[in-house]
Number of protein chains: 2
Amino acid sequence: MVRGVKRRDYAQYCGIARALELVGERWALLVVRDLTVRPRRYTDLQEGLRGIPTNVLSTRLKELEQAGIVERRVAPAPRRGVVYTLTEVGRALEPALIALGRWGSSQLGEPQPGYVASPDGAVLNLRGAFQPSEAAGLTASWELRLGDTVIHARLADGALTSGLGPVEDGADLVITARFEEGEPPAYRSFVKAAREGRVDLDGPRELFDTFLRVFTYPQACERDLPTPR
Amino acid sequence: MVRGVKRRDYAQYCGIARALELVGERWALLVVRDLTVRPRRYTDLQEGLRGIPTNVLSTRLKELEQAGIVERRVAPAPRRGVVYTLTEVGRALEPALIALGRWGSSQLGEPQPGYVASPDGAVLNLRGAFQPSEAAGLTASWELRLGDTVIHARLADGALTSGLGPVEDGADLVITARFEEGEPPAYRSFVKAAREGRVDLDGPRELFDTFLRVFTYPQACERDLPTPR
DNA sequence: CTGCATCCTCCGCGATACTG
DNA sequence: CAGTATCGCGGAGGATGCAG
C-alpha cells in the first residue's frame, strides 16, 4: 500500500510544531537517540527500546525514513541484514536531544524497579552533562564502566568526543562504578555513585575531580515527583 | 476522581525518556511554548493552539501542573479568572524548545493553506534563529511587524531579550513585512519576506542588514518534503 | 535467526455538546 | 470564562505468525 501517509498535523507554520509533527510521536525520539550514537539493526533497536511493540518500531522507522531522518540500507558481507542510520537531517537533531536530556535528567526521581538503561541513553546523557565552560583548554580521556556498559569521553583542547566502548588508545583514567543492588547502568546512576565515592579508579585521581567538574551539572531543580503507583 | 495518574512510561532510567514522559504527549510542548512567552488564560491557549480539543487542553494542563511545570492561579481584581504560568522547572524547558524549533524550522516546507501562526510561536522561533556569535558586543532594538502580530528583539551588549509587542521605549528600527496572499504571520515567513526585500523600514537601513545576520540561520538542510495530501 | 506483518484489545485523541 | 460529558475512531500495546 502506497497511500500517502495521512499524518495528523498541528496546522501551524512554526518550527516547533513542525518538529513535533516529524518526531513527536511516541518512541520516535528514542529511536533517533539510539541511532545518534551509532547505526543499529532492527533487533538492536528492539533491545535498546525495551517494551516497544514490533509494529510500532516498524512504523516509526518507515515514518522517519520518509521524513528523511533515517536511512535504511542493507549491510555488506559478514552479518548481512538491514542497518538503520541517521541522515544529516537526523544527526541535526542531536542538540535538541541533548537539551531535552538535560532537562529530563533534572526530573528523574529514584530508579523504579524494572527500569532499564540503554548504553545509548548513557552516551547522550553524558553529552548533556558536558559543561564546555569547565572544559576550556583541557585535553584528557576517560573510560566509564557502568556495569556491562562501557562508554568513553575524550577532551581535545576542550572539544568533546564520546561514544560507546573504551577509548581506542587507552584512557587516561578508567572509572568503574560500584553499583548498588537494583541500580540501573544509567549515566545518572553513574554520577550518583561517583559523587558518593562508590567508584574504583585506574589512573590519576585528580582526573576524577576534573571529570566531576566537567561532566555533571548542578543537581539544581530536582523535585520529588509524586511517584506514579 | 483521584485515581493516581497511571501515565504510560518508557521504563527507562534516562533523561530523554523522562522528558518525553513528562512533555512528550500530543500538544504538551506547544502549551509550554505559548506559556514560555507569557502567562495565558485558558481561552488564550485555545486560540493560540487552534484545533486543540478542549478536553485535551484541560487534560494537558492538569498533567503539566501535576508535573510541576505549570502553575494554575486565580487572577486578581480586574478581569478575574484562571491564569496559567510556567514554574521555574517549566521555564527550564526553553533551551529544548529552541533547539527543536531550530531543527523544525529547517524542515518547514511552504505554508499550507489553512495553516495558522501564533504570535508565541513567532517569538520562540525568533529566539531560535538568534546567532550569539554574530551579535557579540552589539546593542540595538528591533520591532517586527508580521501582519497584526508585533514582536520585538533587543540586544544589550550581545545579550538578547525578546517578546510580544513593541519595544517599550521605541525600537531603533521597525521592520514591517509585506506579506503575500495567504502567507501566515510566522517568523519564517517574515524572514522570507525580509530576504526578498518585501519589507518597509522605519530607521537606519544598516540595522536591517545587522538583523538579517543576527536573526536568521543559513537555510541549509532544507528539503522538499513529500507534501502530504 | 532477522525483520517484519497481522490480529485483537484498549486507551488516548478529536469533535461536539453542554454546564457552573 | 473555564472547563466537563459523551462518543467514535485510530493508533499504541501485546502476542503470534511467517517469509527470506
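Lettering follows sequence order; numbering is per chain, from 1.
Rounded to a whole Å, the CG atom of B:Leu45 is 11 Å from the C1' atom of D:dA2. For A:Gln46 and D:dT16, the CD to C1' distance is 13 Å, given to the nearest whole Å. For A:Arg60 and C:dC4, the CZ to P distance is 15 Å, given to the nearest whole Å. Distance B:Arg40 CZ to D:dA2 P: 12 Å, rounded to the nearest Å. Nucleotide C:dG14 holds its P atom 8 Å from the CD1 atom of B:Ile52, rounded to whole Å. Put simply, CZ on B:Arg50 is 16 Å from P on C:dG14, counting in whole angstrom units. If you take CG of B:Leu57 and C1' of D:dA5, they are 16 Å apart, rounded to a whole angstrom. Put simply, CD on B:Glu63 is 10 Å from C1' on C:dG12, counting in whole angstrom units.
Here B:Arg8 does not reach the OP1 or OP2 of C:dG12: none of its side-chain N or O atoms lies under 4.0 Å away. Checking the phosphate oxygens (OP1, OP2) of D:dA2, no side-chain nitrogen or oxygen of B:Arg80 falls inside 4.0 Å. Using a 4.0 Å cut-off, some side-chain N or O of A:Arg41 falls inside it from OP1 or OP2 of C:dG3. Between A:Arg72 and the phosphate of C:dC4, there is a side-chain N or O to OP1/OP2 separation shorter than 4.0 Å. For the OP1/OP2 pair of C:dG12 and a distance below 4.0 Å, the side-chain nitrogens and oxygens of B:Trp27 include no atom meeting the criterion. The side chain of A:Arg26 contributes no N or O atom lying less than 4.0 Å from OP1 or OP2 of C:dG12. For B:Ser58, no side-chain nitrogen or oxygen approaches OP1 or OP2 of D:dA2 to under 4.0 Å. In this model, the phosphate group of C:dC4 is approached by a side-chain N or O of A:Tyr84 to a distance below 4.0 Å at OP1 or OP2. Taking only side-chain nitrogens and oxygens, A:Lys62 never comes nearer than 4.0 Å to OP1 or OP2 of C:dG3.
The nearest heavy atom of DNA chain C to A:Tyr10 and to A:Val82 marks one nucleotide each, and the one closer to the 5' end goes with A:Val82.
Using a 4.0 Å cut-off between a side-chain N of Lys or Arg and a carboxylate O of Asp or Glu, A:Asp200 and A:Arg178 qualify as a salt bridge.
If you check distances only, the side chain of A:Thr54 does reach the base of C:dA5 with a donor-acceptor pair under 3.5 Å. Put simply, the side chain of B:Asn55 and the base of D:dG3 share no donor and acceptor less than 3.5 Å apart.
No donor-acceptor contact under 3.5 angstrom links the side chains of B:Ser105 and B:Arg188, judged on distance only.
If you take CD on A:Glu63 and CD on A:Gln66, they are separated by 8.5 Å, rounding to the nearest 0.5 Å.
Taking the six-membered ring for Trp and thresholds of 30 and 60 degrees, B:Trp142 and B:Phe215 have ring planes more than 60 degrees apart, a perpendicular arrangement.
With a 6.0 Å cutoff to the six-membered ring centre and a 45° limit on the axis angle, A:Arg127 does not count as a cation-pi contact of A:Tyr187. Relative to the ring axis of A:Tyr42, A:Arg72 does not place its NZ or CZ within 45° and under 6.0 Å from the centre.
Across all strands shown, B:Thr43 has heavy atoms under 4.0 Å from sugar-phosphate atoms exclusively, and none from any base.
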